[in-house]
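Structure, as structure tokens:
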Amino acid sequence: MIKPVYLTEDDTIVMLDQRKLPLEEVWLKINTPEKVAEAIKTLTVRGAPAIGIAAAYGFYIGVKNLTDASRRKLEDRCRYLTNLLGSTRPTAVNLFWALKRMNRIVEEDTVSPVIKLIKKLRAEALRIHEEDIEACLSMASFGSRLIPKGVKILTHCNAGAIATGGYGTALGIVRKVHEEGKVEMVWVDETRPLLQGARLTAWELEKEGIPYKVICDNMAGYLMAKGMVDVVVVGADRITSRGDVANKIGTYTLAVLAKHHNIPLIVAAPTSTFDLSLESGDSIPIEERKEEEVLNFAGMRTTPPKAHAFNPAFDVTPAELIDYIVTEKGVIERPLCQNINKLLKDAD
Ligand code: MRU
């Protein structure tokens with residue numbers, strides 16, 4: 001199983017440089033929280049759960065040398081790190097969820113010496129990573145039960161092993177369905193502007209020998225109209241209490257198309273992707289990225305010199321367009337709002 005980010009025994013963060021895929025497989029060694037923040041910002045590491053895990057490791061390496069410091073100093077440092085890592089990407093809630101879990105270790109233990117708290121922070125970061133892998137495996141087995149034999153799946157962006165602790169959410173389901181011999185074809189949306197589908201999902205599927213073809217984002221409707229898609233499976237960056245889903249830009253377009261063609265839309269996400277403090281997807285902060293990502297293609301200018309572009313990185317799919325949300329705790333069916341509350345709130 002590929003883990004896009006991990007912590008070594010001697011506390012180095014090792015990270016797959018996703019900007020270089022699929023042409024080069026480069027593993028970076030990172031030793032400062034500032035560099036982790038930079039890696040998250042630049043999409044060296046990306047995908048909602050993977051960002052959370054990277055932030056947790058970044059937080060730990062940011063405190064690990066404070067063994068002789070006072071508790072006050074540790075608390076100051078935690079505030080600095082929360083701010084540093086939390087101001088990298090605004091949409092995926094897993095980032096803030098992971099930072100909250102790290103902070104809670106210090107807040108809830110007012111008696112242990114700093115040296116012990118640092119050990120506990122290391123263990124917590126590792127636990128966040130382990131739990132995410134377990135969640136992916138569990139989602140895969142819940143999700144595969146929804147999918148029939150001979151299926152043609154359409155997916156968008158990359159919600160695979162490299163977007164998570166390992167194995168993947170949407171692509172974890174695809175992996176499992178393939179293991180069960182049920183996949184006929186995976187249609188991979190190329191996912192402009194940064195090509196997470198063409199570069200990353202295709203790379204993962206290729207490695208696993210899963211049958212796939214890449215399509216341009218604007219081809220999905222044609223395929224659906226021709227009966228070439230049985231189900232759409234995507235990941236998520238933030239899910240509100242009523243089931244609105246923020247995910248890579250273009251997901252909403254797919255959802256509208258899928259509804260028109262009566263094709264089920266499955267969203268796969270661990271419970272760390274839910275933000276129950278928000279009801280409407282309109283309140284989810286949407287990251288806007290540099291216009292160069294749209295004005296250029298593969299590093300080459302494709303637009304007139306004076307052209308400008310608009311570049312929202314995510315969109316929101318309203319709950320009414322979603323058929324199932326697969327989590328590690330089970331499948332949420334419609335009505336999503338009621339069933340989200342049942343599964344998440346009642347389970348707490
Ligand atoms: O901008 P990215 O590449 O971080 O966007 C990633 C996505 O939108 C994924 O679909 C989402 O984070 C789920 S990853 C399991």
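All ligand and atom numbering here is 1-based and tracks the order in the structure. From a predicted model like this one, the values you see are computed outputs, not experimental measurements. Side chains included, hydrogens not; waters and symmetry mates left out as well; all remaining heavy atoms used.
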Check: Lys248 N/O within less than 3.5 Å of ligand 1 N/O: yes
Option nearest atom 2 (P) of ligand 1 (shortest heavy-atom distance, choices Met139, Glu287, Arg89): Arg89
Atom 10 (O) of ligand 1: nearest protein contact (heavy atom, Å): Asn247 OD1, 2.6 Å
Residues which pass side-chain hydrogen bond (donor to acceptor under 3.5 Å, both in side chains) with Glu190, listed by chain and number, not counting sequence neighbours: none
Any donor-acceptor pair under 3.5 Å from Asp132 side chain to Gly165 backbone: yes
Per-atom contacts, ligand 1 versus Gln196 - under 4.0 Å to a heavy atom: 1 (O), 2 (P), 3 (O)
Atom indices of ligand 1 within 4.0 angstrom of Ala159 heavy atoms, with elements: 14 (S), 15 (C)
Shortest protein contact, atom 3 (O) of ligand 1 (heavy atom only): Arg46 NE, 2.6 Å
Thr317, Val234, Thr273 screened by side chain to side chain contact (heavy atoms under 4.5 Å, CB included) with Val267, the one that passes: Val234
Pairing of Glu204 and Arg175 as salt bridge, 4.0 angstrom limit: yes
Side-chain heavy-atom pair Asn31, Ile13 within 4.5 angstrom cut-off: no
Within 6.0 angstrom of Phe96 CZ, more than 12 heavy atoms from elsewhere: yes
Test: Arg101 and Glu131 ion pair at under 4.0 Å: yes
Part of Val234 within contact of ligand 1 (heavy atoms, under 4.0 Å): neither
Per-residue contact class, Cys157 against ligand 1 - non-hydrogen pairs under 4.0 Å: side chain
Ligand 1 contact on His156 by region, counting heavy-atom pairs under 4.0 Å: neither
Heteroatom proximity flag, Asp237 to ligand 1, N/O under 3.5 Å: yes
From the candidates Val45, Thr169, Asn94, the one that places a heavy atom nearest atom 15 (C) of ligand 1: Thr169
N/O donor-acceptor pair under 3.5 Å between Thr82 side chain and Cys78 backbone: yes
Residue Ala163 vicinity, atoms of ligand 1 by number, heavy atom under 4.0 Å: 14 (S), 15 (C)
Closest candidate by heavy atom, reference atom 13 (C) of ligand 1, pool Gly160, Gly47, Ala236: Ala236
Charged N-O contact under 4.0 Å between Lys120 and Glu124: no
Per-atom contacts of ligand 1 with Thr164, taking only distances under 4.0 Å to non-hydrogen atoms: 15 (C)
Numbered atoms and elements of ligand 1 in range of Pro49, under 4.0 angstrom, heavy atoms: 14 (S), 15 (C)
Carboxylate-amine/guanidinium contact Arg192 Asp217, below 4.0 Å: no
Ala48 N/O under 3.5 Å from ligand 1 N/O: yes
